Amino acid sequence: MAEQVIISNGHITAEISALGAEIKSIKKNGEEIMWQGDPSVWTGRAPLLFPICGGLRDDKFTFDGKEYILEKHGFARHREFETEKITDNSVTFLLKSDAETLKQYPFTFELRVTYTITDGTVEVRYDVTDTDSKTMYFSIGAHEAYACPNGIEEYSVIFDKPETLNARVLNGNLLEYKTVPIMENARELPLKKDYFAVDALVFSDINSRKVTLKNNRTNARIDVSFDGFEYFLLWTKPNGNYICIEPWCGIQDFVDSDYDLTHKKGIMAIKPGETDTRIHTIAL
């Protein structure tokens with residue numbers, strides 16, 4: 001079994017697994033805020049998406065004339081990370097490329113994921129370093145599931161800026177060019193099960209870089225800030241008492257993708273020796 005690391009500042013406690021560097025629990029004063037992975041619904045809790053976010057056309061891409069098979073959301077969520085550094089309120093996990101990753105993804109890299117609890121906030125930091133001799137192309141994103149014990153329809157998502165939300169239409173794991181209007185010039189989106197009858201709400205052009213998950217009955221709130229993440233998704237299963245709040249640096253392939261990784265919508269690039277850093281926070 002993968003190592004489970006617990007960090008705390010006395011008021012907030014987080015448990016993170018070295019398998020996938022995945023959050024398993026966040027509690028404030030003993031109260032759980034994360035979905036606990038009911039196997040009859042969805043076993044995930046907060047999978048880390050790397051080196052792609054979402055799905056590829058036919059689960060494949062090409063680079064430098066070669067074809068690679070890479071499943072939806074990439075391989076990091078299935079890999080055991082090294083626990084590189086631990087303090088009372090912080091932990092850093094490290095994943096390095098190896099022979100197995102190179103079969104799926106032709107770049108050497110180091111991925112560090114650091115969780116730090118400060119005051120009322122959990123900071124999640126991703127540091128991606130290109131250790132290769134060539135430019136590295138990648139995406140990274142969060143997929144954290146917040147518990148909605150009495151169902152999502154007791155909750156709203158409040159954007160920090162007025163938004164006109166048009167969700168991209170999904171065709172399996174891929175994006176169509178069509179959109180569906182969800183909200184016009186407003187900040188508060190009451191959650192409805194119907195939104196997720198097909199799959200996720202995918203937004204590729206929002207202005208906000210912070211959202212608040214609000215319990216409309218108790219007024220309890222969780223703020224998720226994601227400066228530096230261009231894409232934003234909401235997702236649940238129709239019978240799931242959770243909502244995933246997902247800031248992504250990357251997006252699914254469109255249905256007419258030409259497979260070339262360097263042409264992929266939303267793909268990021270770093271040069272040899274460079275490190276790309278992205279941070280999002282969860283404020284309770």
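Computed from a predicted structure; not experimentally measured.
The number of heavy atoms from other shown groups lying within 6.0 Å of CG (Asp119) does not exceed 12. Atom CG of Asp88 is surrounded by 12 or fewer heavy atoms from other residues, nucleotides or ligands within 6.0 Å. The local environment of NZ in Lys24 is crowded, with over 12 non-hydrogen atoms from other residues, nucleotides or ligands closer than 6.0 Å.
What you find for Val255 and Glu176 is that their closest heavy atoms are CG2-OE1, 4.0 Å. The two atoms that bring Ala14 and Ile26 nearest to each other are CB-CG1, 4.2 Å, heavy atoms only. Residue Ala18 comes nearest to Phe93 through the heavy atom pair CA-CE2, 3.7 Å, listed as atom of the first residue, atom of the second, then distance. Here the closest non-hydrogen pair linking Asn185 and Pro162 is OD1-CB, 3.7 Å. The minimum heavy-atom distance linking Leu48 with Gly141 is given by the pair CD1-O, 3.7 Å.
In this pair, Phe63 and Tyr137 present their aromatic rings tilted. The plane angle is within the 30 to 60° band.
Annotation: side chain of Val128 is in contact with side chain of Phe50 (closest heavy-atom distance under 4.5 Å). By the 4.5 Å heavy-atom criterion applied to side chains, Thr13 and Ile6 are counted as neighbours. Two residues are said to be in side-chain contact when any heavy atoms from C-beta on lie closer than 4.5 Å; Leu174 and Asp256 fail this criterion. By the 4.5 Å heavy-atom criterion applied to side chains, Asp98 and Arg79 are counted as neighbours. Taking 4.5 Å as the limit, every side-chain heavy atom of Thr212 sits out of range of all side-chain heavy atoms of Ile222. The shortest distance between side-chain heavy atoms of Val211 and Asp160 does not fall below 4.5 Å. The shortest distance between side-chain heavy atoms of Thr101 and Phe109 falls below 4.5 Å. In this structure the side chain of Leu189 reaches within 4.5 angstrom of the side chain of Leu234, judged on heavy atoms.
Atom CG of Leu175 is separated from atom CG of Leu170 by 5.5 Å, given to the nearest 0.5 angstrom. Here Gln252 contributes atom CD and Ser139 contributes atom OG; the two are 10.5 Å apart, rounded to the nearest 0.5 Å. Of the inter-residue distances, the one linking Asp58 atom CG with Asn173 atom CG reads 11.0 Å to the nearest 0.5 angstrom. Note: Asn29 CG to Glu31 CD = 8.5 Å, rounded to the nearest 0.5 Å. Rounding to the nearest 0.5 Å places CD1 of Ile243 at 11.0 Å from OG of Ser156. Summarising the geometry, atom NE2 belonging to His280 is positioned 10.0 Å from atom CD belonging to Glu123; distances are rounded to the nearest 0.5 Å.
No donor-acceptor pair closer than 3.5 Å links the side chain of Thr129 to the backbone N or O of Thr131. In terms of modelled atom types and a separation under 3.5 Å, the side chain of Trp35 and the main chain of Gly44 share a donor-acceptor contact. Side chain of Arg57 to backbone of Ser257: a donor-acceptor contact under 3.5 angstrom is found. Here the side chain of Tyr105 pairs no donor or acceptor atom with the backbone of Ile52 at under 3.5 angstrom. Formation of a donor-acceptor pair under 3.5 Å by the Thr121 side chain with backbone atoms of Ala283 is not found in this model. When atom types are taken as modelled, the side chain of Asn9 and the backbone of Asn89 share no donor-acceptor pair closer than 3.5 angstrom. In this structure, the side chain of Ser90 engages the main chain of Tyr115 through a donor-acceptor pair within 3.5 Å. Looking at Glu22, its side chain does come within 3.5 Å of a backbone N or O of Arg45 through a donor-acceptor pair. Thr62 places no side-chain N or O within 3.5 Å of a backbone atom of Gly65 that could act as its donor or acceptor partner. With hydrogens and angles disregarded, a donor-acceptor distance shorter than 3.5 Å links the side chain of Asp130 to the backbone of Met136.
A salt bridge links Asp253 with Lys264: the distance from a Lys NZ or Arg NE/NH1/NH2 to an Asp or Glu carboxylate oxygen falls below 4.0 Å. Using a 4.0 Å cut-off between charged side-chain N and carboxylate O, Glu188 and Lys214 make a salt bridge. Between Arg278 and Asp276, at least one side-chain N (NZ, or NE/NH1/NH2) sits under 4.0 Å from a carboxylate O, which counts as a salt bridge. Glu110 and Arg112 are joined by a salt bridge, as a carboxylate oxygen and a charged side-chain nitrogen come within less than 4.0 angstrom of each other.
Under the side-chain hydrogen bond (donor to acceptor under 3.5 Å, both in side chains) criterion, Glu274 pairs with no residue, sequence neighbours left out. Glu71 meets the side-chain hydrogen bond (donor to acceptor under 3.5 Å, both in side chains) test with His78; sequence neighbours excluded.
Taking the ring axis of Tyr259 as reference, the NZ or CZ atom of Lys60 stays within 45° of it and closer than 6.0 Å to the ring centre.
Taking the six-membered ring where the residue is Trp, the centroids of His143 and Trp42 are separated by under 6.0 Å. Residues Phe107 and Phe138 place their aromatic rings such that the two centres sit no closer than 6.0 Å. Taking the six-membered ring for Trp, His73 and Trp248 have ring centres closer than 6.0 Å. The distance between the ring centers of Phe203 and Tyr231 does not fall below 6.0 angstrom.
One hydrophobic cluster, built from ILVMFWY side chains closer than 4.5 Å, holds both Ile33 and Ile7. Residues Val113 and Leu95 share a single hydrophobic cluster, defined by chaining ILVMFWY side chains whose heavy atoms lie under 4.5 Å apart. If you chain together hydrophobic residues whose side chains sit under 4.5 Å apart, Phe232 and Met268 fall into the same group. Ile23 and Leu94 end up in different hydrophobic clusters when Ile, Leu, Val, Met, Phe, Trp and Tyr side chains are linked at under 4.5 Å. Transitive grouping of hydrophobic side chains (ILVMFWY, heavy atoms separated by less than 4.5 Å) keeps Val202 and Phe159 in distinct clusters.
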Please table the atom pairs, donor to acceptor, closer than 3.5 Å between any side-chain atom in residues 146-154 and protein atoms at least two apart or in another chain.
unit_1, atom_1, unit_2, atom_2, d
Tyr146, OH, Glu144, OE1, 3.2
Glu153, OE2, Lys193, N, 2.9
Glu154, OE1, Arg217, NE, 3.2

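Side chains of Ser25 and Glu32: a donor on one and an acceptor on the other come within 3.5 Å. In this structure, a donor-acceptor pair under 3.5 Å is present between the side chains of Arg168 and Ser204. Side-chain atoms of Glu184 and Thr164 include no donor-acceptor pair closer than 3.5 Å. Side-chain contact of Asp127 with Thr277: a donor-acceptor pair under 3.5 Å is present, judged by distance alone. Remark: the Asp38 side chain and the Tyr242 side chain contain no N/O donor-acceptor pair separated by less than 3.5 Å.
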Residue pair Asp132, Lys134: steps toward the salt bridge (Lys or Arg N to Asp or Glu O under 4.0 Å) verdict
CA-CA 5 Å; Asp132 213 311; Lys134 58 184 178 291; 3.0 Å; yes
